[in-house]
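Numbered from 1 within each chain, the chains take letters A, B, ... in sequence-line order.
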2 protein chains.
Amino acid sequence: MSAISEFGSDRGVITQLRAYLAQAELPEDGRLPPERDLSDALGVSRTELRKALGTLEAEGQIWRHVGKGTFVGSRPVDSFADIAALAKRTNPAELMRARLIIEPEIARAAALTATPMHLAEMRTCHVRAREAATWRQYESWDNRLHRTVAEAAQNTPLLGLFDTLNALRRAVTWGRLRTTPVKPSPNHHSFAEHEAIISAIENRDMSGAAAAMRTHLQSVERNLLQRQMEAAD
Amino acid sequence: MSAISEFGSDRGVITQLRAYLAQAELPEDGRLPPERDLSDALGVSRTELRKALGTLEAEGQIWRHVGKGTFVGSRPVDSFADIAALAKRTNPAELMRARLIIEPEIARAAALTATPMHLAEMRTCHVRAREAATWRQYESWDNRLHRTVAEAAQNTPLLGLFDTLNALRRAVTWGRLRTTPVKPSPNHHSFAEHEAIISAIENRDMSGAAAAMRTHLQSVERNLLQRQMEAAD
DNA sequence: GTTCAAACCAATTCAACATTGGTTGGATCT
DNA sequence: AGATCCAACCAATGTTGAATTGGTTTGAAC
């Protein structure tokens, strides 16, 4: 070996590799050939190539995964859109916090864009929820009310997020069935709060709608915690 | 044929099927045998069995899917998790509005809960984005910065929503490749805006973080619209 | 004209195998 | 000795093709 390669071999392979990356035409996904092929093509041993790839990975220029290959750029985030998988990693409290962050902003947007049709449906849901004979019916109308608010924002992605959150809620709450068979009392906290939300939206009061929704969810949260403590017997 | 089976054959198979469901030991997932086997076991033709299964499905007692099988209970929530379907119904402008509603609130939450580790990673992403040699690299670090902000909020459902939004963004933007091969200029608007976001989070300034994120996204939105108009030649 | 069996179709699953980054152990060469 | 190389192995992943399965069509039989 020459004196240069004795203490500069790694660096030499790295520069060779960089040159290759600059010159090579990579496929759409930025994947480069398998190590065995690449080492052959560059006329280097796999050991040397792997050392060079290792430093390039440490620099964040490439990322690798067993069975997949080596790719340029930074490792993609594992986007887990799977509700079931997500539900396992969370809990009601965390979910409630997420709702508290998202839904008031949805209500704010709804106050700006709600149509008379939306408002009419909100009113209907509100009335039906009051008249509900069973808790199950109440929850159904309550859900529909909240979803109408989300629809009123008239934004497809936002509605999709809301539905995702809702599905998550059902998945997390699953198994914890409501034990109280009685119907909601006429002065259940939600009724006045729903009223506040709807009228704020009617009045195009964006901040008011957001605040009313936040208040409502906070009281739902209190209720949830209380029920959890009661269930600890 | 007997007079009974003439107008009661379907109902007869249904009751037979119900009896089977009540008696049979189903596997964990509630899957029942394939139609061909089941029709054989019950001594009925597949046509008849399928009619009975059809009404049971209409009643919501079972659900079926080609290639999967027939299952008792209600069809599991696929929960809009289908990004592709959602992407078809929306457009970049609407998506941008959704981001403008959601991400500032995520930044606000992050300002409260970010750990030094998160802050360090944000700084790293910021620096790497500045140093990016290609636009592709820049976008990669930009994405990672935004996701780190979402991680800093330390809320699993919220992170899931962020990822959903991101996947949607990729799906919608797909096909519109960036044509400019030049790397981002050193005074690209994003750099100062990212700086504002990060330092607001560092200072635990919740409102500041939300405002900075909003400003940033608004300028991204302007940029997007401008690019769309340029592309109209 | 209704029913049935068989064939066909498309979505899905499943199993076997090939590929790929990561690791180890002995051979080889300074 | 010590580094390097090479071959083999390992576990995760991708790929491919056959088998399964609900849905549909066809043609004969009654």
Side-chain angles (χ1 to χ4, degrees), chain A residues 1-14 16-17 21 26-58 60-76 78 80 82, chain B residues 1-14 16-17 21 26-58 61-73 75-76 78 81-82 84-85:
Chain A
M1 278 189 177
S2 71
I4 291 181
S5 63
E6 261 183 26
F7 63 88
S9 65
D10 286 9
R11 203 170 302 169
V13 178
I14 289 185
Q16 194 178 355
L17 195 48
L21 288 179
L26 297 175
E28 171 85 14
D29 55 356
R31 175 180 182 179
L32 46 94
E35 295 180 353
R36 291 161 178 85
D37 296 4
L38 192 53
S39 68
D40 211 36
L42 298 184
V44 213
S45 75
R46 191 151 94 103
T47 317
E48 262 184 314
L49 174 64
R50 279 185 55 74
K51 270 199 287 187
L53 287 174
T55 63
L56 246 61
E57 183 179 33
Q61 308 228 359
I62 63 172
W63 64 275
R64 311 184 266 184
H65 196 302
V66 199
K68 288 176 117 128
T70 308
F71 303 81
V72 299
S74 58
R75 170 175 278 105
D78 53 340
F80 47 94
D82 185 11
Chain B
M1 280 187 177
S2 71
I4 292 181
S5 63
E6 261 184 24
F7 63 89
S9 66
D10 287 9
R11 204 170 300 168
V13 178
I14 289 185
Q16 195 177 353
L17 195 48
L21 289 180
L26 297 175
E28 171 85 13
D29 55 356
R31 174 181 183 177
L32 46 95
E35 294 180 354
R36 291 161 177 86
D37 296 3
L38 192 53
S39 68
D40 212 36
L42 298 184
V44 212
S45 75
R46 190 151 95 104
T47 318
E48 261 184 315
L49 174 63
R50 279 185 56 72
K51 270 198 286 186
L53 287 175
T55 62
L56 246 61
E57 183 177 32
Q61 309 227 2
I62 62 173
W63 65 275
R64 311 184 268 184
H65 196 304
V66 199
K68 289 176 113 110
T70 307
F71 303 82
V72 300
R75 169 175 276 106
D78 51 341
D82 188 8

Do you know the tightest heavy-atom contact between [X] and [Y]?
| X | Y | value |
| --- | --- | --- |
| B/Glu35 | B/Leu49 | O-CD2, 3.4 Å |
| B/Phe71 | B/Arg31 | CE2-CB, 3.4 Å |
| B/Arg64 | B/Gly54 | NH2-CA, 3.4 Å |

- request: Summarise how protein sits on nucleotides 18-30 of chain D as a single string, 5' to 3': B when a protein heavy atom is under 4.0 Å from the base, S for sugar-phosphate-only contact, - for no contact.
  value: ---BBBB------
message: For A/Leu42, is there any backbone N or O sitting under 3.5 Å from a side-chain donor or acceptor partner on A/Gln16?
response: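 A pair under 3.5 Å: yes.
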- prompt: Are A/Leu21 and A/Leu56 close enough, and set up right, to give a side chain to side chain contact (heavy atoms under 4.5 Å, CB included), and what steps lead you there?
  reply: CA-CA 11 Å; A/Leu21 288 179; A/Leu56 246 61; 3.8 Å; yes
field: Length of the CG-C1' vector between A/Leu42 and D/dC5, whole Å
entry: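 Going from CG in A/Leu42 over to C1' in D/dC5 covers 16 Å.
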- request: Check the distance between C/dA11's C1' and B/Trp63's CH2 and give it to me in whole angstrom.
  value: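 Taking CH2 of B/Trp63 and C1' of C/dA11, I get 13 Å after rounding.
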